[in-house]
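One-based numbering, in listed order, for ligands and for the atoms of each. Given the structure is predicted, the values throughout are model-derived calculations rather than measurements.
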Amino acid sequence: MSEIIVNGGKKLYGGISVQGAKNSVLPVLAATVLCENECVIHNCPALSDVNTSLKILKALGCTCQTEGNTVTVDSRGISGYKIPDTLMREMRSSVVFLGAIIGRCKKAVISSPGGCELGPRPIDLHLSALERMGVTVSEEHGYLICSAEKGLHGAEISLGFPSVGATENIILAAATAKGMTVIHGAAKEPEISDLADFLNSAGARIYGCGSDSIRIYGVERLSGTEHTIIPDRIAAATYMACAAVTGGKITLCNLMPSHMVSTLWVFREAGCDVELSGKSITLSAPKRLKRVPTVRSLVYPGFPTDAGPITVAMLTVAEGTSVFVENIFENRFRYVDELKRFGAKIKTEGKIAVTEGVKELSAADCRATDLRGGAAIVIAALAAGGESKIGDIHHIERGYDDIVSALRMLGADIKYSKD
Ligand code: EPZ
């Protein structure tokens, strides 16, 4: 299994264009199941999760082509409604296919997605919403069998928690359901608005995304369309942290800074100069980062949980002690033990991580624990003098489009080692 080798301690300089958003392209690829003609999707990042989504589409009978960062999906030949177990295991977020498959095929069979590295990741909100729309759900031998023989109908749904995935699943199921669906307490993430933009360009009638009340008027059918995925705000924050922690200066292009307001605040509090210019952000790091006031992860537009590990890693070398509170997932600190291998001083208690900044980190051999935890380890390795080795990089490859090449373009001494 290959590893990432980092010779840290070098300042990052230069500029890169940021990849398309993982958490937008995945639901958009699922949405192609609903479209009765060819869909062309631009700015798709090259990720293993995207590959898994394409495998799921092919398993359902769709045809998929990839050319650079453009993916073409034709679901006219859709013939199945079951996601193979192996693919469900590869990508937990394949649960977002559920609403689209039921919307197109009136039936879907998936293996119940197991708990993930972030703690239990139930789908009760997804299933109870779909049941209100006419879906019957039964569980047999670890499979969820969902069917709506009479077709889906609109419903008024109140989400007990603004779940991103549940909001997406309801939108996908409601797009071609009979009647209107209203989601109260919907998630407001930009990736949900991007999904709605994709669906509306194919003929759907979805209103209110970005607010906590979304209305979907079901339509007969959806056509094909062409769409460009929004930039990845979490990948952008990751590269900013890489520059911040090495004392460098970088410019990121093709961004939507308006999606990153709560994240940019933390970099500024840490002493970075952050300049916005259209779709670019330039970050200049101070000689040494400062501690920041307590950061709490919240649903959008609050501070994103996915930027938590990245921020904690960045602050391991700040002057002073910083506190991070993880309010979204139950167990998102598994990466902390790996950061401690670099000499980081972090104490966790429940959902709180207290980081006492140290002057410098030292190189270490470690493993990625999950996607964003893996990114946190890359950040620590870039800050640490000497050679660090990072294993289990498949976690990182799920969400970062060739992070090694991107960081090399910014002057990092980083490479893959093929065993
Ligand atoms: C999406 O996950 C993202 N994944 C996550 O990004 C992100 O961290 C998360 O939203 C929050 O922003 C994708 O979009 C593919 P949720 P999702 O449903 O939809 C609980 C990354 O690193 N919950 O908003 O799974 C759940 O347990 C990944 O890119 C229920 O209780 O997140 C969690 O505590 C990680 N019942 C909280 O809600 C449900 O039915 C947030 O989950 C659903 C969720």
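Residues Ile229 and Ala21 come closest through the heavy atom pair CG2-N, 3.5 Å. Looking at every heavy atom in both residues, Phe342 comes nearest to Ala384 through CD2-CB, 4.0 Å. Across all non-hydrogen atoms, the minimal contact from Pro257 to Ser280 is CG-O, 4.4 Å. Considering every non-hydrogen atom in both Gly99 and Asn169, the closest pair reads N-OD1, 2.7 Å.
Side chains of Asn43 and His227: a donor-acceptor N/O pair is absent below 3.5 angstrom, by distance only. Side-chain contact, Asn200 with Arg205: no donor N or O sits under 3.5 Å from an acceptor N or O. When only modelled atom types and interatomic distance are considered, Thr305 and Ser297 share no side-chain donor-acceptor pair under 3.5 Å.
Ranking protein heavy atoms by distance to atom 39 (C) of ligand 1, first place goes to Pro122 O, 3.1 Å. Remark: minimum distance from atom 3 (C) of ligand 1 to any protein heavy atom is reached at Asn23 ND2, 3.6 Å. In terms of protein heavy-atom proximity, atom 21 (C) of ligand 1 is closest to Asp306 OD2, 3.4 Å. Here the protein heavy atom with the shortest distance to atom 12 (O) of ligand 1 is Val164 CG2, 3.8 Å. The shortest contact between atom 34 (O) of ligand 1 and any protein heavy atom is with Ile328 O, 2.6 Å. For atom 17 (P) of ligand 1, the nearest protein heavy atom (residue, atom name, distance) is Arg121 NH2, 3.8 Å. Counting only heavy atoms of the protein, atom 32 (O) of ligand 1 lies nearest to Phe329 CZ, 4.0 Å. For atom 18 (O) of ligand 1, the closest heavy atom belonging to the protein is Ser163 OG, 2.7 Å.
Under 4.0 Å from ligand 1, heavy atoms of Leu125 appear from its side chain as well as its backbone. With a heavy-atom cut-off of 4.0 Å, His126 touches ligand 1 through backbone and side chain alike. Counting heavy atoms under 4.0 Å from ligand 1, residue Lys22 touches it through the side chain alone. For Leu371, every heavy-atom contact with ligand 1 shorter than 4.0 Å involves the side chain, none the backbone. Residue contacts with ligand 1, taken as heavy atom pairs separated by less than 4.0 Å, do not involve Ile234 at all. If you look at Tyr300 next to ligand 1, there are no close heavy atoms at all, none under 4.0 Å.
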Using distance only, find each side-chain donor-acceptor pair of residues 61-70 under 3.5 Å and give its atom names and separation, not counting sequence neighbours.
from  : atom 1 : to    : atom 2 : distance (Å)
Thr63 : OG1    : Asp74 : O      : 3.4
Asn69 : ND2    : Cys44 : O      : 2.7
Thr70 : OG1    : His42 : ND1    : 2.9

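Salt-bridge check for Glu90 with Lys55: passed, with a basic side-chain N closer than 4.0 Å to an acidic carboxylate O.
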**Message:** Show, in sequence, the C-alpha distance, side-chain angles and deciding distance for Ser147 and Thr136, and conclude whether the side chain to side chain donor-acceptor pair (under 3.5 Å) test is met.
**Reply:** CA-CA 5 Å; Ser147 64; Thr136 53; 3.0 Å; yes
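Atoms of ligand 1 lying under 4.0 Å from at least one heavy atom of Gly165, given by number and element, are 18 (O), 19 (O). For ligand 1, the atoms lying closer than 4.0 Å to a non-hydrogen atom of Ile123 are 39 (C), 40 (O). Each of the atoms 21 (C), 22 (O), 29 (O) of ligand 1 lies under 4.0 Å from some heavy atom of Arg372. Below 4.0 Å from some heavy atom of Arg332 lie the following atoms of ligand 1, by number and element: 8 (O), 22 (O), 35 (C). Taking every non-hydrogen atom of Thr305 and a distance limit under 4.0 Å, the qualifying atoms of ligand 1 come out as 8 (O), 11 (C). With ligand atoms numbered from 1 in the order given, ligand 1 contributes 37 (C), 38 (O), 41 (C) to contacts under 4.0 Å with heavy atoms of Phe161.
In this structure, the side chain of Ser211 engages the main chain of Ser213 through a donor-acceptor pair within 3.5 Å.
Residue contacts with ligand 1: Arg398 is excluded, as none of its non-hydrogen atoms falls under 4.0 Å.
Exactly one of Arg233, Arg332, Arg372 qualifies for a side chain to side chain donor-acceptor pair (under 3.5 Å) with Asp306. That residue is Arg332.
A cation-pi contact, defined as under 6.0 Å to the ring centre and within 45° of the axis, is absent between Lys351 and Phe333.
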